[in-house]
Amino acid sequence: MHAVVKKLCLIDKIIEYLNECVGQDGEVIECLVQPCLTLLRKVLCADSVMRVSLSQQPSLLTLLLRVSLIFHEDCTIVTEVGALFCLLLFDEVSRMDMWSINPSNKPSLPSVFSLPVSVCRRYHLPVSVIGHHAVSPYSIVLPLSADCLALKPVSDMLRIAWNLSWYHGSDNLLKQMNSETKIQEFLDALKLSTEDILILKITHTASGLQDCLHSIVQAAAHRNVRAAVTRMSFYLLNDKLSLKSGTGPCGVTLKSLAWHPALNRFLQVLPACTEDEKLLIDIINFLNKLMKRQRKNPSVELLNWILELLLRHNPNPLLDLLVLTESQAREETDDIRTAVRQQLQKELIALFNTLLLNITTVTDRKCLELLYVFQTQLSLKLLQCLRVTDAPHFYGLPSLERTLRGMAHLTAHPGWSSHSPLTKPFDICVKYLSGLLEVITSFYVERGGNAMSFMGKGVTKSTVLCLLHLSHEMIAQAPSSEWMPLWFLPLGSHSEEHAPTQQGLAWLIPLWVDRDPEVRFTSLGLGSALTTLEPGCVALANSCQNISGGLWGTVVSILLDHLECSAVRREAAFILQNLLVIPMPSEILKDYTWQGPCVHDEDSGLSLIGKPALQALLYHCHFYEHLIQMVRHCYQGRYGFDLIFSAFGGTSEGSDLNGLDDSFKFWRAPSRMSGQDHDPSSLSTSETMLTASEGSAEFQPLVPSATLLLEPSHDHCVVQGHHETTASRPPCDSSLSAPLSKPCIFVTPSLLSAVCGLLDNLLVIAPKDTANAFRQARLIELLCNIVDAPFLDMCMQELRTPLPASPPVEHTQAQVSFLLEYLSSLSRLLQSCLLVDPNLMMQDEVLKSLITNVIGVLTICTKDLLDGELVPVFYHTWTHLFELLATLLRKASAVSLPAITSVLAKHWEAVIDVLCRCVDLSVRCPALCAASLQFLSVLLTEEVKWRLQDKDKISLCCPQTMASLLDETQENQKSSERLNKVILQCYDGTSPKDILKRVAANALMSLLAVSRRAQKHALKADLIDSCMQQMKDINAQLNLDSLRPGKAVLKKKEDGFVKELSITMQLLRNCLYQNEECKEAALGAHLVPVLHSLWPWLLMDDSLMQIALQLLCVYTANFPNGCSSLCWSSYGQYAQAAHRGAPGNSLMLCILKLASQMPLENTAIQQMVFLFLSNLALSHDCKGIIQKSNFLQNFLSLTLPRGGNKHLSNLTVLWLKLLLNMSFGEDGQQMILRLDGCLDLLTEMSTCRHKSSPYIPLLIFHNICFSPTNKPKILANEKIITVLAACLENENQNAQRIGAAALWALTYNYQKAKTALKNSSIKRKVDEAYSTAKRTFSNSEENPLNAYYLKCLENLVQLLNSS
């Protein structure tokens, strides 16, 4: 292709076009300039011969320069010209044959344009060029000369090295030189000269600093002191230049030297002359540098010393010098003295700012107390500086800006106004507000803002920042919320005398469109702070009535302005979020203070307010479409570019990364915009914007219609009369919105965090509409795709082990903090989505990826993290992530549980580690501890629920369950024991009144219910004994309270004893669950007598009674000794007090009495009582008590259903289950048979049905048929035989099996039964059932129940056919 182009003389044609274009000043064939330059660059890259030829033509270089000057506004053309200059000007150095020692006969033709590394480093090339050898292979290394030792530099080095080695270091050498006795031990040529000694003393930090202090103490003039202090500053500078971080030799030495008294005398008196002030400037400058050097690890001793100096009384020079006295003000005519005094004030404020920054990491109590007092005193002094309005230097912008910058540092600390003994904090805030509003009025509002003047830019920035800090302080210190009118300003133009003045917060709105992005960001942050209160929302909305679109339209337009920087848009999102907190109506209400947004349609005359207007506003602004683009352009990297960052990214598809074009990747910027002008206020944020490369997805802002007035434009605050008037901008034709080259913006995670909060509030205001919008835009999926746990882990590795080439630690810390903030906001939004519509998160891929990333973030190791500010951010994020997982399990356990369990299994050790760590933070971070425990409790509970519903399904979906991870895996034994230990410690170490006690108890209950290891550890930790002791103490306290007159015991559900007793019994219940060893321990701890003593109190509270019965059910299940213990009488300390009335001799009788007298409406306790009795019915001792108490007579009084209703009641079914358990033993069968009419009643019940247990009467008959003693009674009852025979013809297979097994058992070894059953009707049913079973269950080995049924029929047929 290049040969064809060369043959057609393309280069000459390009040069001709460029000359023609330049001759007409770029007005002809402008569109061909950029393609021509690109073609020329590509040809020169590949053709070195053509490159050599053109590089020798100065006219071409001049032509290219003229092209770049004409089209200097077009970044693309300028960059292309720069690339061509690089190719032509460095062509000679790029060709090896021109500078090699032995050039070959033929010139080398390198295939790739490359330059030596030294050239790439020396010049700022506009392109990324491949570099070759850093050191030239043809460089000559000169050999050392023979007499090099005679050279002075070499001899000096040898002499110093010799002495240092001889005396074993510089310390011993300096001691020897300072000693009186000097012994010459080597040649005079090796003796140190006077210059050498001086150099050693100065370069040795300890000796040099000691000499400086000595000079200060012995100084006779200011000049000597200033020189010594300057030398000390140089030692600090040396530390800074030699070490990236940490304390250098100077800092270490100063800690050991007593230098405070040496400087004290200069800081305790007021300067009397200019020389005193200059000396004080040098000393304060040194202290400032020293504190800056120690900022990461400040010296508490130094801070205490400085604060004590600053808080001295009469005189207090360092604070008094901030405000000039009257005599000093009269001396301002002296220019030299004025300059010195201003420099002194500058250094003082810089010192105070550094002091306030250093104190943030200090934990010393004395230092903090001194700081609090200093903050308030400094605030009053700075206020005096701001209030000197009569002095001629008031409008000196540098001094005013310094004062405001000091105020900004001061007011950034919460509580700065609350430590004055004479002035109330709120009064100080009001004075600050008055002064700051006066400044903002004088230097911004009345001067038309920065649009008319650049004066006061720094003043405006610092003033707005102080106002932002002040708003937070007033919210904290104000006794009520009625202080909002203090922020109002009367505004009016001086040129219009009769113009009505505006009231309210209208002065704040022009700051939102300032040219400085920091002013816009801070002023919007101030609006966000004021709108946290309802009066602020109302005041700000009233102040925007004359603005097109009002407050809502203005803030929405700022948020959706893709040319605005992310920090500004973030604050706009916060304002919207605050506006949505106040409930808004759905229709016009006259007496309603907050109406929300208002929308008026000129065409239809329709006006909307409140929620309908909000939906119309969002639809009109294409809110969700903009959000989609914001999410897609989220930039998670750092906000500073490395030097090796290729500015010319944007590789086209299919290009070779190692080819020629890779070296010439350009910033893609649009050519000169035609027909569209941008707001100049947005130009200052252009550094945050990158433009999209060719082929990328372009964002086309949707063109709004002209009918609605809330039009998001760049000019947010153009006053267009009242809001009833239509917009002045003409409507755009949608047909003109063709794809153009639009810039690709960077959206930060911080902006998306604010957007998530805004969406969360929208979801609360309008759940259905917002959920539908989420679903249509697939917004949740896009937001979840941003989460990247591996990337966050990589950043943490950089913080733990920073590499030499790593970016600054502060940048990485900020990056991690922003990503964690986004995760927290996203977690809260996802929780709201789950509460409103769980289907929003039911996509499998999205859910699995989200769960993997969430658990990945939870398992990031932060143990070696040195940054104290980043650890709380992690804890805050972990809290929200645990809450998200818990909500996910509650609302969508069927989908989320398998995914969560599988990811937990992969990172089990790390998960246990983070859970243990979070539980250990019960004092420092109780919210995180509660969230982690709650997640664990919900996880275990939902898994058990799912396992009970479908055991087969959970084994397929979750091959590893939490129960198996906790118990079955041997490798996890230590981690499981550690988890059990920390949770038990958290429970034991928490106060009963603390809500964390209940959360820890729930987690411990869930853990004990599923984990054998947890039960074993609880047994070793004496949990059972401690619970028993706690129950005894509660019983004693309840008895004591009952003796007090007028004391209402257990009247309230919120009673502390009720909650404590409930938790204790539930813990015991789960600890005893299916664990015989623990049951033995409970038996030894006298569980039953303690419950017996508590029985009167349990009768007074149904919830306590239900929990106690559950505990007894678990205790007696498959534990005969426990059942027998209920039959024992209670004696001694466990006996009930006589005044309460003796409930009986044993707890067993109390249970029977409760079952007999239980009202029918209390079904929960009734069910638990009978389930408990069903357990006891398996014990011989308990059966004896049941028989003696005549409790079974109550069964005969049950009423059976009449008429068409053949369904048994719940109470009847409970009785049947009790009788079924009794029928398992022959003594129980005898008790049933002794009840007159019991068999007839059971026969009649067998004809009725119940959903859960339809064949219990048949099972009772079945069990009795197995007893040889009781067979005659069954055979004598023809109804029972008829019922059992009818079972063979039943459609239900369970009934068929029961009937066949009962008849076989009845006829086995019982001749009378054989004879009785040989009648034609029964034998025919048996034969038919047998023949049917043989046909149906031909392969009965697959199902053991079918095989058993077939065997029963086969034996029954044989018995009936035998003689």
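Keep in mind that what you see is a predicted model, and the values were worked out from it rather than measured.
If you check the side chains of Ser215 and Asn224, you find no donor sitting under 3.5 Å from an acceptor.
Residue pairs meeting the salt bridge (charged side-chain N to carboxylate O under 4.0 Å, His left out) criterion with at least one partner in residues 351-370, sequence neighbours excluded, are Glu308-Lys366. Among residue pairs with one or both ends in residues 257-267, none qualify as salt bridge (charged side-chain N to carboxylate O under 4.0 Å, His left out); sequence neighbours excluded. Residue pairs meeting the salt bridge (charged side-chain N to carboxylate O under 4.0 Å, His left out) criterion with at least one partner in residues 209-223, sequence neighbours excluded, are Asp211-Arg231. Note on residues 260-282: pairs passing ring-ring contact (aromatic ring centres under 6.0 Å, His included), not counting sequence neighbours, are His260-Trp305.
With Gln345 contributing its side chain and Ser399 its backbone, the two residues share no donor-acceptor pair below 3.5 Å. In this structure, Asn304 contributes its side chain and Val300 its backbone to a donor-acceptor pair below 3.5 Å. Looking only at distances, no side-chain donor or acceptor of Asn288 sits under 3.5 Å from a matching main-chain atom of Ile284. Side-chain N or O atoms of Asp913 include none that pairs as donor or acceptor with a backbone N or O of Glu909 at under 3.5 Å. Not one N or O on the side chain of Arg341 forms a donor-acceptor pair closer than 3.5 Å with the backbone of Glu277. Asn358 places a side-chain N or O within 3.5 Å of a backbone atom of Met291 that can act as its donor or acceptor partner. In this structure a side-chain-to-backbone donor-acceptor pair under 3.5 Å is present from His409 to Arg405.
Applying the side-chain contact (heavy atoms from CB on, under 4.5 Å) test to Ser817 and every residue at least two apart in sequence or in another chain returns Leu870, Val873. Ala412 pairs by the side-chain contact (heavy atoms from CB on, under 4.5 Å) definition with His469, not counting sequence neighbours.
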- Message: I'd like to know whether Phe85 forms a ring-ring contact (aromatic ring centres under 6.0 Å, His included) with Phe90, so could you lay out the CA-CA distance, the side-chain angles of the two residues, the decisive distance to 0.1 Å, and finally the verdict.
- Response: CA-CA 8 Å; Phe85 273 129; Phe90 291 97; over 10 Å; no

- Does the pair Gln343 and Glu347 meet the rule for a side chain to side chain contact (heavy atoms under 4.5 Å, CB included), with working shown? CA-CA 6 Å; Gln343 182 65 25; Glu347 294 294 339; 3.0 Å; yes

- Steps toward side chain to side chain contact (heavy atoms under 4.5 Å, CB included) verdict (Leu267, Leu280): CA-CA 7 Å; Leu267 299 172; Leu280 189 58; 3.6 Å; yes

- Apply the test side chain to side chain contact (heavy atoms under 4.5 Å, CB included) to residues Ile283 and Leu279: give CA-CA distance (whole Å), side-chain angles for both, the deciding distance (0.1 Å), then the verdict. CA-CA 6 Å; Ile283 295 175; Leu279 175 59; 4.1 Å; yes

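The aromatic rings of Trp166 and Trp162 sit parallel, their planes meeting at an angle under 30°, below the 60° perpendicular limit.
In this structure, Arg159 pairs ionically with Asp156, as a charged nitrogen and a carboxylate oxygen lie closer than 4.0 Å. One finds no salt bridge joining Asp196 and Lys191 here, because no Lys/Arg side-chain nitrogen approaches an Asp/Glu carboxylate oxygen to under 4.0 Å.
In Met157, the CE atom is not crowded: 12 or fewer heavy atoms of neighbouring residues, nucleotides or ligands sit closer than 6.0 Å.
Note: Phe374 and Phe352 meet the aromatic proximity criterion, with ring centroids under 6.0 Å apart.
Minimum interatomic distance between Leu819 and Pro749 (heavy atoms only, all atoms of both residues): CD2-CG, 3.8 Å. Taking all atoms of both residues into account, the shortest heavy-atom contact from Cys273 to Arg337 is CA-NH2, 4.1 Å.
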